[in-house]
J.: 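This is the structure, below, for whatever I ask next.
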Amino acid sequence: MSPVSITESYPAFARIGLRKNHGRNLNQVTSPDRDSNPGHLVLPSDSLTVAQQVWTKYQFEKLIMNLLKNTPSVPKYGIVRKKISGVCNKDIIINGQKYEEVDSFKYLGVLITQENTADTDMRQRIAGGNRCLRALNKTLRARCISKKAKLTLYKTVVRPIVLYGSETWTLSKKMEQQLMTWERKILRKIYGSKYENGHWRIRYNTELKTQYKSPDIVAEIKARRLEWLGHVIRMNDQRIPKKILNTKPEGRRNIGRQKLRWLDGVEDDLRTVGVRRWRQKALVGQEWTKILREAKARLQGP
């Protein structure tokens, strides 16, 4: 059984996700993170059984019941695990409180699935961006509005919808391609078609890149990940994000190709920029800001 962590969010949902040792005894309960919103609790443990025992031991029921007073729906939880055929979702009961197991749910605006991957959340983010794009369709096609104003509208209104929570994404090549395809679709709408040899045609990718003259959406995501990395490095050692970053998972990894980890992608970006000893440089805010500017200029999507 892989280690399990329980995250409670009221009146939203609860999350149970597979997590390795956070730099401390997994059977020890943690107090609410200072960065968390009121009502969010984190309880790491080795299994659901141990989680129930620790839950009872530390008498969280009183606090939880107070938080649940105005909650009309049944709390939910999800288990991050590999798909197993024949395994059905089941409810659990802790201290008389029923928790419904679901395959996916939103936690602080981010979609969490059993596979614990970011591609599903990214597709929902793109769908949200498309809804906003349809609302602005007439504005982006209007000839009386300058291209500069349209680009500003895209960067400040449409793109932030897709980039919400992207600092924690583990980007694959497929995800990068989907993001670039989505952004080029918008840029073609803004710049319009090109008249050539007596015919109108859509603009090529190279032409869009030349005209845009700004970091693409993939470069923006990678720069945000580096910015978040520097913020975590400068945190106090007792903060939960810092402990998770510095953890050393125990046990053996599965046979075959391993999943790309968030830190793997970030370190690959730092190598592309040519940054060494990034842990020491991240401690200096001004030096890390220079690295972020260079990363936006050098990193780009496919």
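Only this structure's heavy atoms are used, side chains among them; waters, hydrogens and symmetry mates stay out.
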J.: Side-chain heavy atoms under 4.5 angstrom apart, residues restricted to Ile, Leu, Val, Met, Phe, Trp, Tyr: same cluster for Leu245 and Ile291?
T.: yes
J.: Got a second to check how far Leu208's CG is from Lys185's NZ, nearest 0.5 Å?
T.: 13.5 Å
J.: If I compare all heavy atoms of Lys242 with all of Val232, which pair ends up nearest, and what's the gap?
T.: CD-O, 3.2 Å
J.: For residues 143-157, which residue pairs qualify under side-chain hydrogen bond (donor to acceptor under 3.5 Å, both in side chains), counting only residues two or more places apart or in two chains?
T.: Tyr154-Glu183, Lys155-Ser214
J.: Does any non-hydrogen side-chain atom of Thr120 lie less than 4.5 Å from one of Arg123?
T.: yes
J.: If you measure from the Lys or Arg side-chain nitrogens to the Asp or Glu carboxylate oxygens, is any gap between Glu227 and Lys296 under 4.0 Å?
T.: no
J.: Find out if a path of hydrophobic residues (ILVMFWY) with successive side-chain heavy-atom gaps under 4.5 Å connects Leu229 to Val284.
T.: no
J.: Are Arg225 and Glu167 ion-paired here, with the side-chain N under 4.0 Å from a carboxylate O?
T.: no
J.: May I ask you to say whether Lys174 pairs ionically with Asp119, meaning some side-chain N is under 4.0 Å from a carboxylate O?
T.: no
J.: Might you work through the salt bridge (Lys or Arg N to Asp or Glu O under 4.0 Å) test for Glu207 and Arg184, ending with a clear yes or no?
T.: CA-CA 11 Å; Glu207 295 173 340; Arg184 288 167 184 153; over 6 Å; no
J.: Taking everything shown except Arg201 itself, do over 12 heavy atoms lie less than 6.0 Å from its CZ?
T.: yes
J.: How many angstroms lie between atom OG1 of Thr117 and atom CE of Met122, to the nearest 0.5 angstrom?
T.: 10.0 Å
J.: Minimum heavy-atom separation for Ala223 to Leu292, with atom names?
T.: O-CD2, 3.7 Å
J.: To the nearest 0.5 Å, what is the distance between CG on Asn137 and CG on Leu133?
T.: 6.5 Å
J.: For the side chain of Arg188 and the backbone of Ser193, is there at least one donor-acceptor N/O pair under 3.5 Å apart?
T.: no
J.: Identify the two heavy atoms, one from Leu171 and one from Leu260, that lie closest to each other, and give their separation to 0.1 Å.
T.: O-CD2, 3.4 Å
J.: Are Arg125 and Asn130 close enough that a side-chain donor and a side-chain acceptor fall under 3.5 Å?
T.: no
J.: Give the C-alpha distance, both sets of side-chain angles, the deciding distance and a yes or no for side chain to side chain contact (heavy atoms under 4.5 Å, CB included) between Leu151 and Tyr212.
T.: CA-CA 9 Å; Leu151 288 174; Tyr212 188 38; 3.9 Å; yes
J.: How long is the gap from CE on Met235 to CD1 on Ile240, to the nearest 0.5 Å?
T.: 10.5 Å
J.: Side-chain heavy atoms under 4.5 angstrom apart, residues restricted to Ile, Leu, Val, Met, Phe, Trp, Tyr: same cluster for Leu263 and Ile221?
T.: no
J.: Which pair of heavy atoms, one from Ile161 and one from Gly129, lies closest together, and at what distance?
T.: CG2-N, 3.8 Å
J.: Under the 3.5 angstrom rule, does the side chain of Arg203 hit a backbone N or O of Gly192 as a donor-acceptor pair?
T.: yes
J.: Taking the side chain from Asp216 and the backbone from Gly301, do they hold a donor-acceptor pair closer than 3.5 Å?
T.: yes
J.: Would you confirm whether Ser166, through its side chain, and Val162, through its main-chain N or O, come within 3.5 Å as a donor-acceptor pair?
T.: no
J.: Between Val266 and Ile217, is there shared hydrophobic-cluster membership here, with clusters defined by ILVMFWY side-chain heavy atoms closer than 4.5 Å?
T.: no
J.: I want to check something: taking the side chain as every heavy atom from C-beta on, are Arg271 and Arg276 in contact at a cut-off of under 4.5 Å?
T.: no
J.: Could you measure the distance from the CD atom of Gln177 to the CH2 atom of Trp182? Nearest 0.5 Å is fine.
T.: 15.0 Å
J.: Would you call Glu294-Lys290 a salt bridge at under 4.0 Å N-O?
T.: no
J.: Atom CZ of Arg224 and atom OG1 of Thr168: how far apart are they, to the nearest 0.5 Å?
T.: 11.5 Å
J.: Could you please spell out the steps behind the side chain to side chain contact (heavy atoms under 4.5 Å, CB included) verdict for Leu226 and Leu270?
T.: CA-CA 8 Å; Leu226 293 177; Leu270 290 171; 3.6 Å; yes
J.: Can you tell me if Asp264 uses its side chain to pair, donor with acceptor, with the backbone of Arg261 under 3.5 Å?
T.: yes
J.: What closest approach, in Å, do Trp169 and Tyr164 show between heavy atoms, and which atom pair accounts for it?
T.: CZ2-O, 4.2 Å
J.: What's the verdict on side chain to side chain contact (heavy atoms under 4.5 Å, CB included) for Ile145 and Leu153, showing C-alpha distance, side-chain angles and the deciding distance?
T.: CA-CA 11 Å; Ile145 301 177; Leu153 193 63; over 6 Å; no
J.: Over all heavy atoms of both residues, which pair between Val157 and Cys132 is shortest? Give the atoms and the distance, please.
T.: CG1-SG, 3.7 Å
J.: Are Gln300 and Lys209 close enough, and set up right, to give a side chain to side chain donor-acceptor pair (under 3.5 Å), and what steps lead you there?
T.: CA-CA 10 Å; Gln300 58 183 1; Lys209 183 178 179 180; 2.8 Å; yes
J.: Using the rule given for side chain to side chain contact (heavy atoms under 4.5 Å, CB included), can you reason through Ile186 versus Arg159, listing the C-alpha separation, both sets of side-chain angles and the distance that settles it, and then say yes or no?
T.: CA-CA 10 Å; Ile186 299 176; Arg159 192 172 68 176; over 6 Å; no
J.: Trp228, Trp278: one ILVMFWY side-chain cluster at the under-4.5 Å cut-off?
T.: yes
